[in-house]
Q: 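Supplied in structure tokens, the structure appears directly below.
Remember, it's 1-based here, ligands and their atoms both numbered in the order they're listed. Everything quoted here is computed from the prediction, not taken from an experiment.
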Amino acid sequence: MSEANYVLALDQGTTSSRAILFDQQGLPVATGQQEFRQIYPQPGWVEHDPEEIWQSQWQSIQACLAQANVPIEQIKAIGITNQRETTVVWDRRTGKAIYNAIVWQCRRTADVCDRLRAQGFTSTFQEKTGLVLDAYFSGTKVGWILDHVPGARQDAEAGHLAFGTIDSWLIYKLTGGKKHVTDYSNASRTLLYNIHTLQWDADLLNILQVPQNMCPTVVDSSGIAGYTDTQWFGNEIPIAGIAGDQQAALFGQGCWTPGTAKNTYGTGSFLLMNTGEEPVPSHQGLVTTIAWGINGQVTYALEGSIFITGAVVQWLRDELQLIHDAKETEDIALSVPDTGGVYVVPAFVGLGAPYWDSYARGTIVGLTRGSNRAHIVRAALESIAYQSRDVLEAMMKDSGRQISMLRVDGGAIANRFLAQFQADLLNCTVERPQVTETTAMGAAFLAGLATGVWPGFEPLAQAWKRDALFYPSMAEDTRDHLYQQWQRAVERAKNWIEPSEM
Ligand SMILES: Nc1ncnc2c1ncn2[C@@H]1O[C@H](COP(=O)(O)OP(=O)(O)O)[C@@H](O)[C@H]1O
Ligand SMILES: O=P(O)(O)OC[C@H](O)CO
């Protein structure tokens with residue numbers, strides 16, 4: 001009997017760590033999931049404890065393997081995918097982080113970015129990294145840790161400290177401290193990596209005051225980066241896939257050719273379009289990023305990063321207490337024909353693409369005596385689709401391509417009202433896969449490609465199966481009117497707080 005082959009994907013997300021075992025058909029056969037603490041030391045600041053991240057990831061692996069009951073020898077590879085930009089600095093001498101991980105959502109370095117912009121560095125960063133000078137990305141977070149942890153700067157200059165995004169941290173742990181690596185896609189989110197020369201950029205490291213010796217070695221997204229230490233699984237399993245979660249989802253959605261695009265609806269939303277082997281600069285508030293690198297050849301993408309989408313539904317549940325469960329929002333939204341002119345702009349942590357306004361804050365406009373719970377719930381769901389349209393419009397302008405089909409995934413797009421409204425508002429067909437764990441699937445694909453579990457792209461394409469198509473059916477004038485009103489609502493949310501209030 002021939003031996004079965006499996007690939008273990010580790011999906012380290014913003015609120016939980018997941019482990020999913022995929023069989024050779026690309027189907028998930030077992031899952032483990034573990035949440036961990038969100039730490040909010042001040043308004044606008046978000047941290048995670050790196051040890052808790054690791055522990056939750058390890059617990060999720062154990063739960064997954066217990067469920068699967070598959071011999072370890074049949075796990076041919078591990079693929080890692082992660083919340084991006086979140087920054088860990090650890091001491092090589094102890095293997096311990098010197099400060100909590102500063103999370104992508106954290107706005108603590110907004111003033112540093114303001115200063116750098118005022119000094120005229122916007123285009124330097126944009127040209128070299130494809131990114132916007134924003135607190136979202138890792139570079140200013142590393143600088144903050146070096147400036148605020150006593151002795152850190154001296155230790156960094158002496159070569160004792162290592163910087164990594166979450167993929168690097170997990171690989172460091174899994175390999176028993178032997179490897180300090182990251183892949184092209186994660187490196188491209190740091191503000192320190194030149195996406196054209198494919199090197200850490202000396203000028204940028206100098207501007208942000210980060211010693212180059214702290215940076216990980218950049219490796220392929222699909223390729224053996226190291227082996228797990230025997231303390232974890234008994235045998236050594238190759239770590240053969242690494243990608244930031246949004247790039248992994250692009251890969252898992254089968255968006256392998258230029259012009260194909262996906263949107264993920266989780267806490268935030270991330271719309272990415274594959275642009276092929278040439279980086280496309282953005283003039284519309286998007287970022288240019290590396291999708292993946294295979295055999296040293298990188299594929300680029302345009303990305304619109306939206307900070308709050310599914311999280312607006314959590315806010316309806318936890319803060320406003322208008323709902324008990326996210327699922328209820330679908331029926332509630334459908335109980336009214338429209339929002340009665342109400343718009344929710346969920347700029348809770350400022351606005352990301354295409355506005356990049358750290359000082360925007362959330363607002364509800366258009367309220368009347370007749371506005372009720374259903375209108376607000378519906379407006380909150382619609383805000384997810386409007387923000388995605390803001391980004392899709394920018395993407396079509398930047399790339400010069402039409403997007404007539406959008407692949408979607410993530411927890412919130414299970415909502416059929418949202419999926420249909422999205423198709424209507426974009427005037428584009430929305431295509432949802434059966435396996436919505438496309439992020440983990442992408443990481444598994446990258447790892448399985450490198451280790452011969454899948455000999456090429458053809459079997460991967462067969463593993464992707466459609467669940468549903470949503471066709472646009474809204475009248476053009478209705479679509480235009482709704483969207484124009486949304487844009488007016490966004491204007492009300494922009495530039496709301498003072499820098500001193502951060
Ligand atoms: N049926 C639903 N309708 C609307 N939003 C939903 C629904 N189910 C889940 N969500 C939202 O989707 C998000 C969870 O999606 P997930 O992909 O697990 O996110 P993440 O990986 O960012 O934690 C939550 O913010 C939740 O509020
Ligand atoms: O953990 P997620 O799924 O919310 O994704 C976070 C993104 O990678 C941030 O850029």
Q: Could you identify the single nearest non-hydrogen protein atom to atom 14 (C) of ligand 1 and state the distance to 0.1 Å?
A: G411 CA, 4.2 Å
Q: Can you name the residues that form a side-chain hydrogen bond (donor to acceptor under 3.5 Å, both in side chains) with E393, not counting sequence neighbours?
A: R389
Q: Quick check: does W104 get an N/O under 3.5 Å from an N/O on ligand 2?
A: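 There is no such contact.
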Q: Taking the six-membered ring for Trp, are W486 and Y386 parallel (under 30°), tilted (30 to 60°) or perpendicular (over 60°)?
A: parallel
Q: Taking non-hydrogen atoms only, is T14 closer than 4.0 angstrom to ligand 2 via side chain, backbone, both or neither?
A: both
Q: How does E437 reach ligand 1, if at all, at less than 4.0 Å between non-hydrogen atoms: by side chain, backbone, both, or neither?
A: neither
Q: Can you figure out which of R317, K327, E328, E35 has its heavy atom closest to atom 1 (N) of ligand 1?
A: K327
Q: Taking the six-membered ring for Trp and the full ring for Phe, Tyr or His, determine whether the centres of W169 and W54 are under 6.0 Å apart.
A: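 That pair fails the under 6.0 Å test.
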Q: Does the N or O separation between N82 and ligand 2 drop below 3.5 Å for any pair?
A: no
Q: Is E51 salt-bridged to K173, cutoff N-O under 4.0 Å?
A: yes
Q: Ligand 1 versus A311, non-hydrogen atoms closer than 4.0 Å: side chain, backbone, both, neither?
A: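 Only the backbone of A311 comes within reach of ligand 1.
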Q: Check for me whether R18 has a heavy atom closer than 4.0 Å to any atom of ligand 1.
A: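 Yes, that is the case, since the closest heavy atom of the residue is under 4.0 Å from the ligand.
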Q: Could you say whether the N/O atoms of E85 and ligand 2 ever approach to under 3.5 Å?
A: yes
Q: Give the atom numbers and elements of ligand 2 that come within less than 4.0 Å of a heavy atom of Q83.
A: 1 (O), 8 (O)
Q: Would you say R416 has more than 12 foreign heavy atoms packed within less than 6.0 Å of its CZ?
A: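 No.
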Q: Can you name the residues that form a salt bridge (charged side-chain N to carboxylate O under 4.0 Å, His left out) with D134, not counting sequence neighbours?
A: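 Here the qualifying residues are R107.
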Q: If the contact criterion is a heavy-atom separation under 4.0 Å, does T329 count as touching ligand 1?
A: yes
Q: Going by the side chain to side chain contact (heavy atoms under 4.5 Å, CB included) test, name the single residue among L250, D245, V408, D409 that passes it with T438.
A: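 That would be D409; it is the only one of L250, D245, V408, D409 passing the side chain to side chain contact (heavy atoms under 4.5 Å, CB included) with T438.
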Q: Can a donor-acceptor pair be found, under 3.5 Å and without considering hydrogens, that links the side chain of H48 to the backbone of T14?
A: yes
Q: If the cut-off is 4.0 Å to any non-hydrogen atom of G410, which atoms of ligand 1 fall inside it?
A: 17 (O)
Q: Backbone, side chain, both or neither: what part of R189 comes under 4.0 angstrom of ligand 2, heavy atoms only?
A: neither
